[in-house]
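Accompanying notes for the structure given below.
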Amino acid sequence: MDQISAKIKKEWEYDAGICLNSIDSGTHYGGSVNPPIVMSSFFSFDSHESFSQALRNECDNVVYSRGNNPTVAALEKKLAQLERGEKARCFASGMGAITAALFAILNAGDHVIAVNNIYDRTIEYLEHAASHQISLTYLRENFTIDAIREAIRSNTKLIYFESPASTLFTQVDITAITALAREHGILTMMDNTWATPLFQKPLLMGVDIVAHSLTKYVSGHSDFLAGALVCSAEMMRKIFSTGYMLQGAVLSPFVAYLALRGLRTLPVRLKEHEKNALQIAQFLHEHSKVRCVHHPALNNAEEAFFGKQLTGYAGVFSFVLDTKKCLYVKGFIDRLKYFHRGLSWGGFESMVIAPYLCKQNKQCPCDQSASPNKHLVRVSIGLEPLDMLIQDLSQALEFVEKD
Ligand SMILES: *Cc1c(COP(=O)(O)O)cnc(C)c1O
């Protein structure tokens with residue numbers, strides 16, 4: 001085994017230990033292997049003085065569940081360990097987490113550079129921020145390091161990016177971006193939802209704030225929404241006192257319990273998603289009715305990041321059908337028996353969506369040459385038996401015609 005894969009394996013085992021470990025195992029709560037779900041909106045104190053003292057430093061004390069809650073804190077501790085960060089904070093959704101950080105960092109007059117194909121709601125938020133005098137440069141396709149350097153202004157406060165981005169699965173050079181940002185005193189924030197902390201650790205590559213939607217792989221069971229931020233204790237203090245406490249999109253203790261339960265099986269699930277998705281991506285890549293597959297492992301430029309920043313592949317990727325007509329794209333999607341047609345991903349069940357087509361009105365112009373990705377199909381490969389999924393895709397592909 002070469003050095004890189006030995007290192008990846010060691011980290012994987014260490015992380016799996018964090019995911020699986022019981023909280024304070026055996027020593028508390030009568031030996032329960034699971035943490036209690038502390039359903040309490042506030043916490044009472046022995047004296048006026050002890051209460052006042054706790055309140056003066058609410059960031060570090062359990063006073064009110066909009067600040068700290070023991071069950072949520074147990075999840076935060078694990079997420080911070082997995083990302084190798086000092087502090088994690090959980091939120092009611094991924095968007096709750098992302099917007100809390102942006103709210104805390106950005107002021108009127110600031111400029112943000114968004115790099116790579118960003119989650120559409122995040123871009124909508126950053127565009128909306130224009131009404132608060134926060135300007136945006138969105139480098140959606142041309143995101144070379146030179147393009148980013150050219151976009152920097154004297155008031156650039158933040159470079160925000162995703163890698164791999166969750167539509168075309170393109171990656172950015174994380175260490176090159178963080179080095180450039182440091183040189184100019186600019187903060188960096190990265191959405192690491194696709195890779196999860198198990199397959200990528202942006203803080204170790206110099207990123208200041210990492211964001212997650214726990215709704216996807218950490219949940220794994222499509223039964224809740226949640227989000228998280230991980231960063232230095234100093235940065236988190238700032239986010240806590242503004243975006244966290246003031247916006248109040250905090251996580252319920254019950255959902256934190258479900259997320260802790262999701263973490264227990266995350267390592268096994270991810271390996272299965274990775275294996276099945278790689279095989280299906282390869283199957284599609286070789287299929288005559290598929291024009292191209294966007295999976296980081298099937299693109300030489302993207303593969304170069306393997307081991308350097310990404311250490312595994314999640315189960316979501318996209319492909320373009322070789323057809324001029326969107327009726328074949330819709331028909332392909334409708335003929336799938338085991339794929340759910342719907343919005344999320346990262347769960348146990350396979351999912352399919354045509355992200356660009358479904359945003360268009362009924363009358364879509366059918367010339368694909370204008371926009372090669374218009375007929376893009378995105379799939380999230382679930383935990384069903386592989387052969388079953390391949391057969392399903394095969395029969396639906398039979399329907400697709402070129403013209
Ligand atoms: C889903 C998603 C989000 C938003 O998370 P919610 O939990 O749905 O609010 C943010 N970023 C990425 C990459 C996502 O896939």
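In listed order, ligands and their atoms are each counted from 1. Reckoned from all heavy atoms, side chains included, excluding hydrogens, waters and symmetry mates. In this chain, numbering begins with 1 at the start of the sequence shown. Because the structure is predicted, anything quoted here is derived from the model rather than measured.
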Review point. Does Ala97 come within less than 4.0 Å of ligand 1, judged by its heavy atoms?
Key: no

Practice item. Measure the acute angle between the ring planes of His132 and His128, then classify it against the limits of 30° and 60° as parallel, tilted or perpendicular. Key: perpendicular

Check your understanding: ligand 1 versus Asp191, non-hydrogen atoms closer than 4.0 Å: side chain, backbone, both, neither?
Key -> side chain

Check your understanding: Got a salt bridge between Glu13 and Lys10, using NZ or NE/NH1/NH2 to carboxylate O under 4.0 Å?
Key -> no

Review point. Is Ile8 close to Phe199 at the side-chain level, that is, under 4.5 Å between some pair of heavy atoms?
Key: no

Check your understanding: Do NZ/NE/NH1/NH2 and the carboxylate oxygens of Lys275 and Glu272 come within less than 4.0 Å?
Key -> yes

Study note, to complete from the structure: Closest to atom 7 (O) of ligand 1 among protein heavy atoms sits Thr215 OG1, 2.6 Å

Review point. Under 30°, 30 to 60°, or over 60°: which ring-plane class applies to Trp194 and Phe169, parallel, tilted or perpendicular?
Key: tilted

Exercise for review: Examine Gly96 against ligand 1 and note whether any of their N/O atoms are separated by less than 3.5 Å.
Suggested key: no

Practice item. Please confirm whether Phe224 and Phe254 have ring centers closer than 6.0 angstrom. Key: no

Point to revise | Part of Lys216 within contact of ligand 1 (heavy atoms, under 4.0 Å) | key: side chain

Exercise for review: Please report which non-hydrogen protein atom sits nearest to atom 6 (P) of ligand 1, along with the residue it belongs to and the distance in Å to one decimal place.
Suggested key: Gly94 N, 3.3 Å

Exercise for review: Please say which of Lys201, Lys78, Gln81 ends up in a side chain to side chain donor-acceptor pair (under 3.5 Å) with Asp15.
Suggested key: Lys201

Practice item. For ligand 1, find out whether one of its N or O atoms is nearer than 3.5 Å to an N or O atom of Ser213. Key: yes

Practice item. Consider ligand 1: state whether an atom of it lies below 4.0 angstrom from any non-hydrogen atom of Trp194. Key: no

Revision key, fill the gap. Phe143 meets the ring-ring contact (aromatic ring centres under 6.0 Å, His included) criterion, sequence neighbours left out, with none

Practice item. Using distance alone, determine whether Leu225 and ligand 1 share an N or O pair under 3.5 Å. Key: no

**Study point:** Pair His287 and Phe319, ring centroids less than 6.0 Å apart
**Key:** no

Review point. Ligand 1 and Ser166, any nitrogen or oxygen pair closer than 3.5 angstrom?
Key: no

Revision key, fill the gap. Atoms of ligand 1 under 4.0 Å from any heavy atom of Trp345, numbered from 1 in the order shown, are 15 (O)

Review point. At a 4.0 Å threshold, what atoms of ligand 1 neighbour a non-hydrogen atom of Ala226?
Key: 7 (O)

**Study point:** Residues Lys325, Asp403: salt bridge by 4.0 Å N-O rule
**Key:** no

Review point. When you look for heavy atoms under 4.0 Å from ligand 1, do you find them on the side chain of Ser344, its backbone, both, or neither?
Key: neither

Review point. Does an N or O anywhere in Thr122 fall below 3.5 Å from an N or O of ligand 1?
Key: no

Practice item. For atom 4 (C) of ligand 1, grab the closest protein heavy atom and report residue, atom and distance to one decimal in Å. Key: Tyr119 CE2, 3.4 Å

Point to revise | Atoms in ligand 1 flagged as close to Met95, the criterion being non-hydrogen separation under 4.0 Å | key: 4 (C), 5 (O), 6 (P), 9 (O)

